[in-house]
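First the structure, in the form of C-alpha cells, and then the observations on it.
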Protein chains: 2
Amino acid sequence: MPATIRDVARASGVHVSTVSRAFSAPHLVNAETRAHVLAAAEELGYRPNRAARALITGRTHNIGLIVADIANPFFPPLIKAAESHARGRDYHVFVADTNEDAGVEEELVLALAKQVDGVLLCSPRMSNTQIEQLSREVPLVVVNRPVPGLPAVVMDVAQGARLAVEHLVSLGHRSIALLGGPRGSWTNREIRRSATLAARTAGAELVVVGPNPPTEESGSAAADAVLRAGVSAVLAYNDLMAVGLIDALDHRGVKVPDQISVVGIDDTALSRRTRPMLTTVATPTAAAGRAAVDMLLQHGDDRRTTALVTLQTELVIRDSSGPGPHRTAGPGGRHQPPVDGVASESRE
Amino acid sequence: MPATIRDVARASGVHVSTVSRAFSAPHLVNAETRAHVLAAAEELGYRPNRAARALITGRTHNIGLIVADIANPFFPPLIKAAESHARGRDYHVFVADTNEDAGVEEELVLALAKQVDGVLLCSPRMSNTQIEQLSREVPLVVVNRPVPGLPAVVMDVAQGARLAVEHLVSLGHRSIALLGGPRGSWTNREIRRSATLAARTAGAELVVVGPNPPTEESGSAAADAVLRAGVSAVLAYNDLMAVGLIDALDHRGVKVPDQISVVGIDDTALSRRTRPMLTTVATPTAAAGRAAVDMLLQHGDDRRTTALVTLQTELVIRDSSGPGPHRTAGPGGRHQPPVDGVASESRE
DNA sequence: TCAGGGACTACAAACGTTTGCAGCAGAACT
DNA sequence: AGTTCTGCTGCAAACGTTTGTAGTCCCTGA
C-alpha cells in the first residue's frame, strides 16, 4: 500500500536506480530529472524504507541507549539530550531500561545489536570483560565508566567528591560519612577513592556506609546507620539518596544542616526542590549524552578506540551544608564529637 | 562478518529455509534436525536480522513512543512502563521528544512510520484532523486525549478535578484559581470544564489563570497573578506548576496551606518531596503506558478502531491543602490543620 | 501391488533498497 | 576523423530473511 521507490520510478518515467540516486546522491543525476522525480515522490507521499536501506548499506541510522532506570531523575536529561542530538544527525534512538540488572543489560545489547549502528551503555553494571566481549557484536560507547580499549565519556566525579569533602572540612566538619552507591558502579569507586583521599589529606575521618542501591528509599533506610556513625556531615552517592536521607532525618527530628550537613551528587532537578535546598556536585548529564552520541557517530565502525572524554564537575553550594563542630570561627561545642566503634559498619 | 542464516545453513548441512523454520515454525521441522540447527546457530553466535525479517513480513517488532518532554517528570514512569511492557512482548521502543512542538510531532511520526508497527502519541498538540491524517501512514494510539475514530487511552482528569474542587470547597474555600496548562491540551480543557462545573455546583467561584506552559517556571511566574486574583486556593494543571507556584509563594512570604491552599495534578515523584507535601490528583501513568502498548499490539493493522480506555484518577490528600476562610466547623478566626475527616473526600 | 497421504526438506521468488558496471550521447581534445 | 572524456541513465546483483510450492521418502491401507 505505501508507495515504494518503484512507484516513483514508474510515475516519473525513470529507472529505480535513478530515483534512488535522486535522493542519496543528487550530484549524479541531472537537475531537472531530479526535480521530476522529487515531484513525483512528493505527489505519492513516498518515504524511503530505512529497513530496506539498512539491509544493503549496513547502516541503520538507529542507535541504542541503555540506562539503568529511566525513572531515576539522573537519566531523563541525558536521554533527552542524546535523542535530540541524534535526531539532528538523522538518527533515531531506541531507549531501554535494565532495572539495574547486568543480565538484562547484556541481553539488551545483543537484541539491539542488529538493529542499530551502535549502543550507548550508560552506567553499566557488567564487568569490563563482558563489555569488551559485547563490543565485538556492535560498536559501544560507555557512559559513566571508562573501559580500556573502548570509547567512553565519564564525569570527573573524583574532582567533585574532593570539592565536596573540602567544602565540608572548611565548614568545620572532621567526621564525614560517605553514603555509598551500588556495588558494580565505577562512579561509586571513584567517589570513594577520592573522598577518602581528600578526607585524609585534610585531616578528617571518612566512614563509608554501604554499598546501597542508588534509590531514595535506600537513602532513607541508611539514616540510622549514619546517625550511629556519629558524623556531622554526609556525602551521598547521588541526589536521590541524599533526598531520602534528609527526609528520614527530618522524621527523626534531626535538623539539616544545623545538626548534620548533607551533600548530594548530580544536581538533578530534585536538588532545588528539597528544603533545605541541596548542596550538590553538578554533573553535566546533557553534555554527556551529546558527547556520547558524537563519539559513536564519529568512530563508527572502528571499535577499539581508546578515546576517553572527561567532563568537568562543579560544586553547587546551597543550603543543606552548614557549619560543623570544629568551625574555627564559630562557637564550638554544640555537637558532640563522633563516637567510635560504629565505623566498622562500613566495609564493602 | 556477523553470522547469517546462510552460514548456519552451511554449518548444519541444511537449506536456509529449514534454518528459518527451525526458528520461526518449529513444528514444521524434524526435532533432531532442529537441534542440529540450533546448535550450529549457537556455535556461530547467530542472531536473526530483524530488519531483513521486517522487510518481508512487514512487521518490524518496533514501536514508537512520542512524548512532549522526556524531562517532564510526568513522562518517565510512562516511558519506563511502556518500554518494559513492550519488551516483554518482544518489541523494542523508539523514544522521541517533541519539545511541545506540534510540527516536530508530525515530522517524527512520519520519520518513524516505516520503522515501526505503530506509534504511541502522548499528549499530542496537533489537531484532530492532523492526527487522523497521520493515522493513515501508521497505526496510532493516542494517550491523554481522545481522538474520534482512533484508539486512545485517557485519564479521567475530569473526575480528578471535580474531587479536587470539592475537597477545597469542603475545607471552606469559596474562591479558587485554576492555573491553566498549555493551550492545545485536551487535558487542560477537561480540567477546566470539570472544575468550573464543580465550583458552580458547590457555590464557589473559579477564576482561570492562563493558559500557561506546563513548566515549573511558569508556575512560579503565575504567583503574582494568583495573588492578585485574591483566591484562597489554587488547582494547578500539573504538579510541576504547583511546585513552581509554591516556591514563588514561599519567596513572597505567603504560607501554604495557611494562607493559600495548592493542589496539583499527576502525583509525580515530586509531590512527596515538596514542603508541605503536595495534595494532588493521582493519574495512573504507568498503567496508561501499558494499556497503550496493549491496544497497539492488539489492534495491529486495523486502524480506525474507536476503542477508548479511561483510567480512573484519585485525590491524594497531603499537606498543601488546608482550611479556607469559610470553614463552617472552624472556630472564629484561626484555621486548623486538616483533620482526618477530610480524607473521606477521596474516593476510588 | 499401488494409491494416497504424512512428515519433512529444498527450491526460488519476494520484500525495497543501493551500487558497480556498462552503455550511450555529445563535447572536447589531438 | 578518430579518440578520450564527461555526464547521465539503465541493468542487475546483492543485502538476510520468509514462505508458497514442489519435491522426496516412507508408511499405511486396500
Side-chain angles (χ1 to χ4, degrees), chain A residues 1-38 40-41 44-62 90 111-117 137-138 301, chain B residues 1-38 40-41 44-62 90 111-117 137-138 301:
Chain A
M1 206 68 215
T4 86
I5 202 176
R6 235 175 303 257
D7 300 324
V8 178
R10 199 174 311 123
S12 51
V14 299
H15 195 262
V16 294
S17 58
T18 304
V19 177
S20 171
R21 279 190 267 257
F23 283 98
S24 46
H27 59 284
L28 288 182
V29 34
N30 180 295
E32 60 181 303
T33 310
R34 176 155 191 265
H36 266 116
V37 170
L38 295 191
L44 295 175
Y46 167 74
R47 313 195 69 98
N49 182 325
R50 298 176 85 145
R53 179 180 293 179
L55 193 53
I56 190 152
T57 62
R59 337 221 86 256
T60 62
H61 269 245
N62 294 148
D90 199 24
L112 248 28
K114 286 291 196 347
Q115 256 185 127
V116 300
D117 295 341
E137 299 288 327
V138 58
D301 277 325
Chain B
M1 206 68 213
T4 85
I5 202 176
R6 234 175 304 257
D7 300 325
V8 178
R10 199 174 312 124
S12 50
V14 299
H15 195 261
V16 292
S17 57
T18 304
V19 178
S20 171
R21 281 190 260 260
F23 284 98
S24 45
H27 59 284
L28 288 181
V29 33
N30 180 295
E32 61 181 302
T33 309
R34 175 154 192 266
H36 265 116
V37 170
L38 294 190
L44 295 175
Y46 166 74
R47 314 194 68 98
N49 181 326
R50 298 176 84 146
R53 178 180 294 180
L55 194 54
I56 190 153
T57 62
R59 336 222 87 256
T60 62
H61 268 244
N62 294 148
D90 199 24
L112 247 30
K114 287 289 196 347
Q115 254 184 130
V116 300
D117 294 341
E137 298 289 326
V138 56
D301 278 325

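Lettering of chains follows the sequences in order, A, B, ..., and the numbering in each one begins at 1. What you see is a predicted model; the values in this text were computed from it and never measured.
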Q. Are B:Val29 and B:Thr18 close enough that some pair of their side-chain heavy atoms sits under 4.5 Å apart?
A. yes

Q. About how many Å separate NZ of B:Lys114 and OH of A:Tyr46, when rounded to the nearest 0.5 Å?
A. 7.0 Å

(Q) Please tell me if B:Thr18 has a side-chain N or O lying less than 4.0 Å from either OP1 or OP2 of C:dA10. (A) yes

Q. So which pairs with a foot in residues 3-24 of chain B pass salt bridge (Lys or Arg N to Asp or Glu O under 4.0 Å), sequence neighbours left out?
A. B:Asp7-B:Arg10

Q) Roughly how many Å is it from NE2 in A:His36 to C1' in D:dC8, rounded to a whole number? A) 16 Å

Q.
Contact between A:Thr4 and A:Asn49 at the side-chain level, heavy atoms closer than 4.5 Å - yes or no?
A. no

Q: Note down the inter-axis angle between the two ends of the helix from C:dT1-D:dA30 to C:dT30-D:dA1, five pairs each, to the nearest 10°.
A: 50°

Q | Sugar-phosphate or base contact per nucleotide [nucleotides 11-17 of chain C; S, B, -; heavy atom under 4.0 Å] | A | BB-BBBB

Q. In whole angstrom, what separates A:Asn30's CG from C:dG26's P?
A. 14 Å

Q: Identify, with sequence neighbours excluded, every residue that meets side-chain hydrogen bond (donor to acceptor under 3.5 Å, both in side chains) alongside B:Thr33.
A: none

Q | For A:His61, all residues meeting side-chain hydrogen bond (donor to acceptor under 3.5 Å, both in side chains), sequence neighbours excluded | A | none

Q.
OP1 or OP2 of D:dC8 versus the side-chain N and O atoms of A:Thr33: is any pair under 4.0 Å?
A. no

Q) Want to settle it: does A:Ser24 or B:Gly13 sit nearer the 5' end of DNA chain C, counting the closest nucleotide to each? A) B:Gly13

Q | B:Ser17: partners by side-chain hydrogen bond (donor to acceptor under 3.5 Å, both in side chains), with sequence neighbours left out | A | B:His15

Q | Shortest non-hydrogen separation from B:Ser12 to B:His36 and the atoms involved | A | CB-O, 4.3 Å

(Q) Measure CZ/B:Arg34 against P/C:dA7 and give the value in whole Å, please. (A) 17 Å

Q: Grab the NE2-P distance between A:His27 and D:dT9 for me, whole Å please.
A: 13 Å

**Q.** Length of the line joining B:Arg10:CZ and C:dA10:P, which is rounded to integer Å
**A.** 14 Å

Q | Contact summary for A:Arg50 and A:Asp90, nearest pair of heavy atoms | A | NH2-O, 3.1 Å

